[in-house]
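Report on one structure; see the data block that follows.
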Amino acid sequence: MYWADELASTVDGPQVVNDSKTPSGTVHVGSLRGPVILDVIARALRDRGVPTTLLYGVDDMDPMDAQALLTPDAVEREMGRPLSRVADQVGDCHASYARHHAQIFIDIFDGLGIRPDRYYWMSDIYPSGALDPFIRTALDRAEVVRDLYRRISRVERPAGWLPISVVCHTCGKVGTTLARDWDGATVAFECVPDYVTWASGCGTIGRIAPFGGAAKLPWNLEWAAQWSLFGVTIEPCGKDLATAGGSRDRSDALAREVFDREPPRNLAYEFLNIGGRKMSTSKGRGAAAHEIAEVLPPEQLRLLFLRPRPNQVIEFDPDGTDAVPRVFDEFDRLAGAAAGREVKGELPADADRIFRYALLDPSADVAAEASRYRPAFAHLALLAQIPGVDVAGRVTAEKGTELSVEERRILEERLAAVAGWLDSYAPERARIEIRRDALPAEAAALGEDQRAWLGALARAAEETPPASGDAWQALIFAVAEAAALPAGRAFGALYVAFLGRTNGPRAGWLLASLEADFVVDRLRAAAGWRDRPGGNDGAAGGRDTTEAVG
RNA sequence: GGGCCCGUAGCUCAACGGUAGAGCGGGGGACUCUUAAUCCCUAGGUUCAGAGUUCGAAUCUCUGCGGGCUCACCA
């Protein structure tokens, strides 16, 4: 059974599925695996009739710690302040840095068909007082928390340490404060200059009631408090958190021992690696989510993430490989199978479920979606590179009937992906380029029969210049037949002459897209003729001519 | 050092207890018209190694080897 359906089959009663994210910087592709898994779990639950709420938290009370994303003059002032209170660096009408960056991932999620029932913002939750009871409990049980950090993670907190981060009322930083002396109403705190390396406190000392937004819980406690506050029953998390003695273990224990509640069901998921290496936002292309989105439309991106079991690493290396076309092909195979068509090769065990979950709209008519005409990616990549080809017209002709509105949209979407792929990832062999400058050196390998045929074709084309791709195509076959040259050798010769390779796009269109003079000259050059006796025709052409004659 | 994942045909992966499969690539063939399409044929791989459980293991257990990621300050 498909992993999400399996999970869904084991739950009891209504479910609250939750995840949250700190809106601190660029969203890279790998970080989309969690949200897709979250969404698929929610869909699987609802599919079985389990009442399900999907929540997504924005941890915007977390301190700013990404210096690279601040303007230089803002670093000293903003590092360590809650993200919700850092000014938007872009200045495009967002209330804060956090709102700006959160909007980016909310938009990405939306584009992927991930629509939580509710986004909650910690900068709203804290001031509302909803977390005050949890803050109080955490402070009352500070010793339990300390002991637990020591026991689970071997992290030693200083004596008197309290599990609370006060927002300094002088400098507004939350990442730099150290609290002690909980008297049941207030705590003493100090804004320490060198408490953390990435931000410096202002030295303020004081007392404060840590409620209603005046302070925030440390991360692991905040996590556990969210579970209690929202009644979370399922929360997946990445393997960086799920490691033994790591964050999840800590929060699980805090939930049990401090907030007296069973933690939600966990589902640890592996990462996505690009080219065998871990993803990094800062280095290498292909890391940012929007870059991958240029070559993988939403449904294909969903498929990439939901097809493997969550605990399996996904190796995705789009650079110079057929990784991108493969995702499309896999999607099309699944669609074909779902539509009841004969499909080549073996299908995954849960092909129908996987296809359903890959669709953007959870309530889509699967059969209708599956039956849409989807031109193969590699085929489009080819068509897109031939100048002057009416791609939509070709695709319509291949389908046999008019494209529906939805099919046109799919075509447009794929053409955009093709363009992006050819632009930044496609391997050389997927690119076709007309060798305008000179006859490709590969032409030296042409056989005498091919050369003779090329010459004949040049003569025929000069006598009656073909006016269209179809006309060229017909002429190619006619001349080949007259010369008793097999079609394969004839076409092969053409590709070598113009592209320097033995195969290529439909030759008729290719030739029709070029100027007639150039085509005839090139055919003659490849045939071993001097197209302008005594003329200076370039080194490559001259050399090949010599060899052919000799 | 701890944790997780992986190690199956050249490549990417599927089979997760019952005679090892697919796609792509490669090789061979067909094709007067989608020539990077379509169709047919072809891969004989000690399923990393060893031990164990079982009537039977790529599939479960243990050990080892190799590779990858991750955690150990903060969030």
Side-chain angles (χ1 to χ4, degrees), chain A residues 20-24 30 59 61-66 80 82-83 152-156 165 174-176 195-199 216-220 222-223 238-250 268-273 275-279 307-317 321-323 325-327 329-330 333 343-349 351 375-379 381-383 385 389 394-395 397-398 429-432 469-470 472-482 486-492 494-495 499 501-510:
Chain A
S20 59
K21 182 173 172 59
T22 306
S24 57
D59 294 333
M61 275 294 280
D62 292 355
M64 177 74 194
D65 65 354
L83 290 164
I152 309 278
S153 307
R154 283 171 295 180
V155 171
E156 195 64 44
S165 296
V174 68
T176 53
Y195 181 54
V196 290
T197 55
W198 39 271
K216 90 179 269 298
L217 289 164
W219 187 49
N220 292 285
E222 185 174 287
W223 201 2
K239 67 102 158 279
D240 54 334
L241 306 179
T243 191
S247 272
R248 183 58 178 243
D249 275 1
R250 230 146 45 216
Y269 54 87
E270 265 285 355
F271 287 180
L272 172 129
N273 292 336
R277 288 179 310 264
K278 82 166 219 171
M279 306 255 353
R307 165 92 160 81
R309 284 186 288 283
N311 66 353
Q312 201 151 12
V313 183
I314 299 175
E315 297 285 351
F316 184 68
D317 184 8
T321 71
D322 61 348
R326 257 200 327 258
V327 179
D329 291 348
E330 178 71 358
R333 266 166 33 86
V343 163
K344 282 189 297 179
E346 287 186 2
L347 287 165
F377 187 89
H379 187 212
L382 190 62
L383 290 182
Q385 292 182 80
V389 167
R394 272 316 303 171
V395 171
E398 284 159 21
R429 64 190 148 79
R431 294 199 165 93
I432 54 176
D470 282 340
W472 266 110
Q473 199 77 4
L475 186 66
I476 291 166
F477 277 104
V479 178
E481 188 185 21
R489 283 186 71 73
F491 280 98
L494 283 177
Y495 296 127
L499 307 174
R501 45 193 293 163
T502 57
N503 50 30
R506 201 179 179 202
W509 303 339
L510 186 68

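Just the heavy atoms: all of them, side chains too, but no hydrogens, waters or symmetry mates, feed the values below.
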Report task. Please list, chain by chain and in numerical order, all residues satisfying salt bridge (charged side-chain N to carboxylate O under 4.0 Å, His left out) with A/Glu330, sequence neighbours excluded. Result -> A/Arg307, A/Arg333

Requested in this report: Could you work out the separation of B/U59 and B/G52 based on their P atoms and round it to a whole Å?
Outcome: 14 Å

Query raised in the report: Taking CD1 from A/Ile476 and P from B/U35, how many angstroms apart are they, rounded to a whole number?
Result: 10 Å

Query raised in the report: Roughly, in whole Å, what's the span from CH2 in A/Trp472 to C1' in B/U35?
Result: 17 Å

**Report entry** Counterpart residues, ring-ring contact (aromatic ring centres under 6.0 Å, His included), relative to A/Tyr269 (two or more places apart)
**Finding:** none

Report summary line: By ring-ring contact (aromatic ring centres under 6.0 Å, His included), A/Trp472 pairs with (sequence neighbours left out) none

Query raised in the report: Between A/Arg307 (CZ) and B/A14 (P), how many Å, whole number?
Result: 6 Å

Query - Nucleotide B/C69, atom P - distance to CG of A/Leu241 in whole Å - result: 18 Å

**Report entry** Under the ring-ring contact (aromatic ring centres under 6.0 Å, His included) test, residues paired with A/Tyr495 that sit two or more places apart
**Finding:** none

Query raised in the report: So, for A/Ala490 and A/Ala480, which heavy atoms are closest and what is the spacing to 0.1 Å?
Result: CB-CB, 4.1 Å

Report task. Side-chain contact test, heavy atoms from C-beta onward, threshold under 4.5 Å: evaluate it for A/Phe377 versus A/Val327 and give yes or no. Result -> no

Query raised in the report: Quantified in whole Å, what is the C1' atom distance between nucleotide B/A14 and nucleotide B/A75?
Result: 39 Å

Query - Integer angstrom distance from the P of B/A58 to that of B/C40 - result: 31 Å

**Report entry** Residue A/Lys216, side-chain atoms from C-beta onward, closest of B/U35, B/C74, B/A75
**Finding:** B/A75

Query raised in the report: What is the distance, rounded to the nearest whole Å, between atom OH of A/Tyr195 and atom C1' of B/C73?
Result: 9 Å

Requested in this report: For B/U8 and B/G66, measure between their C1' atoms and round to the nearest Å.
Outcome: 16 Å

Query raised in the report: Quick one: A/Trp219 CH2 to B/A72 C1', roughly how many Å, whole number?
Result: 14 Å

Query raised in the report: Can you tell me how far C1' in B/C16 sits from the matching atom in B/C60, rounded to whole Å?
Result: 10 Å

Query raised in the report: In Watson-Crick or G-U wobble terms, both distances under 3.5 Å, what is the partner of B/C69?
Result: B/G3

Query - Under 3.5 Å on both distances, the Watson-Crick or G-U partner of B/U38 - result: B/A30

Query raised in the report: Between B/G21 and B/C62, how far is it from one P atom to the other, in whole Å?
Result: 29 Å

Query raised in the report: Of the non-hydrogen atoms in A/Ala242 and A/Ala268, which two are nearest, and what is the gap between them?
Result: CB-CB, 3.6 Å

Distances under 3.5 Å between protein N/O atoms and the N/O atoms of nucleotides 1-8 of chain B, please, pair by pair.
unit_1: B/G2; atom_1: N2; unit_2: A/Thr243; atom_2: OG1; d: 2.3
unit_1: B/C5; atom_1: O4'; unit_2: A/Glu270; atom_2: OE2; d: 3.4

**Report entry** Between P of B/C74 and CE of A/Met61, the distance in whole Å
**Finding:** 18 Å

Query raised in the report: Can you tell me if the side-chain N/O atoms of A/Gln473 get under 4.0 Å from OP1 or OP2 in B/U34?
Result: no

Report summary line: Nearest-nucleotide check on RNA chain B, A/Arg326 vs A/Gln385; residue mapping nearer the 5' end is A/Arg326

Query raised in the report: If you check every side-chain atom of A/Asp240, which of B/A75, B/U35, B/C71 has the closest atom?
Result: B/C71

Query - Atom-to-atom span, CD1 of A/Ile314 to C1' of B/U12 - whole angstrom - result: 14 Å

Query raised in the report: Contact class for A/Ser247 vs. all strands (heavy atom < 4.0 Å): base, sugar-phosphate, or nothing?
Result: base

Report task. Could you tell me which residues satisfy ring-ring contact (aromatic ring centres under 6.0 Å, His included) with A/Tyr195, sequence neighbours excluded, listed by chain and number? Result -> none

Query raised in the report: With rounding to whole Å, what would you report as the distance between B/G3 and B/U61 at their P atoms?
Result: 16 Å

Query raised in the report: Using atom P of each nucleotide, how far apart are B/A51 and B/C71 to the nearest Å?
Result: 38 Å

Requested in this report: Specify the residue among A/Gly246 and A/Asp62 whose closest nucleotide of RNA chain B lies further upstream toward the 5′ end.
Outcome: A/Gly246

Query raised in the report: Under 6.0 Å between ring centres, would you say that holds for A/Phe477 and A/Phe491?
Result: yes

